[in-house]
Amino acid sequence: IAGITQAPTSQILAAGRRMTLRCTQDMRHNAMYWYRQDLGLGLRLIHYSNTAGTTGKGEVPDGYSVSRANTDDFPLTLASAVPSQTSVYFCASSDSGTGEQYFGPGTRLTVT
Amino acid sequence: GQNIDQPTEMTATEGAIVQINCTYQTSGFNGLFWYQQHAGEAPTFLSYNVLDGLEEKGRFSSFLSRSKGYSYLLLKELQMKDSASYLCAVRDGDYKLSFGAGTTVTVRA
């Protein structure tokens, strides 16, 4: 693979269920990010990780958790999904030296 | 935090020029990015400015004035494939990006 992959591509989830969105990059980038994109609001940062083993909260972290056990993987977990978490989720990564972010193809999540 | 404003929509004719403005108010500034996003796809990087002035990359140019908190993206010789959303993003000192809501550009024949 080359770049960033996300899984699943789309998902319909019942409210209250737990869900993990997967993100893997093969560019050996130090930094990784999770965004949600909603119509009219643009991309909003959920959580980020500047390097393996560290994570930080973004603008809208409530209801989400992340982990960064290694350089390549950055999963996003919804512990108990709610309808307001219906969105398109993008994972991104960057070489912290340049800051340009590369985005994965996105996961379209619908919580019913 | 960051407050980033850009117009919601713009329409232009094929072959024309369009300028998308972006104004920002930030608590820390470490560069400004422009991304292009076609409907249903991921954002892709277009340009980066950290110093004042104009950066040119083919048909696309981006300008920055840090003292005015202002940037613009200039798209020349518009093509139908340029119909997309254009996102202005400001980077802080922790390399986090804050995005504007995006400007949807429609190119008409």
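Order of the sequence lines fixes the chain letters, A, B, ..., with proteins taken first and strands second; residue numbering starts at 1 for each chain. A quick note: this is a predicted structure, and the numbers were derived from the prediction, not measured.
The two residues B:Gln37 and A:Phe90 make their nearest non-hydrogen contact at NE2-CZ, 3.6 Å. Contact between B:Ala42 and A:Pro105 at its shortest, heavy atoms only, is CB-CA, 4.3 Å.
In the hydrophobic cluster analysis, where Ile, Leu, Val, Met, Phe, Trp and Tyr join through side-chain heavy atoms closer than 4.5 angstrom, B:Phe33 is grouped apart from B:Tyr24. A:Ile12 and A:Leu109 are members of different hydrophobic clusters when ILVMFWY side chains are connected at heavy-atom separations under 4.5 Å.
Within 6.0 Å of the CD atom in B:Glu77, the count of heavy atoms belonging to other residues, nucleotides or ligands does not exceed 12. More than 12 non-hydrogen atoms from other residues, nucleotides or ligands lie less than 6.0 angstrom from CZ of B:Arg59. Summarising the local packing, CZ of B:Arg66 is surrounded by more than 12 heavy atoms from other residues, nucleotides or ligands at distances under 6.0 Å. More than 12 heavy atoms of other residues, nucleotides or ligands shown are found within 6.0 angstrom of OH on B:Tyr72.
The OG atom of A:Ser94 sits 12.0 Å away from the CZ atom of B:Phe45 when rounded to the nearest 0.5 Å.
Heavy-atom pairs under 4.5 Å with chain A peak, among B:Pro43, B:Ala101, B:Gly31, at B:Pro43.
Heavy atoms closer than 4.5 Å to chain B are found in both the backbone and the side chain of A:Gln101. Heavy atoms of A:Leu43 lying under 4.5 Å from chain B belong to its backbone as well as its side chain.
Between A:Glu100 and B:Tyr48, every side-chain heavy-atom pair lies at or beyond the 4.5 Å cut-off.
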request  = Evaluate side-chain contact (heavy atoms from CB on, under 4.5 Å) for B:Leu97 paired with A:Tyr35, printing each intermediate quantity in order.
outcome  = CA-CA 10 Å; B:Leu97 290 181; A:Tyr35 296 90; 3.7 Å; yes
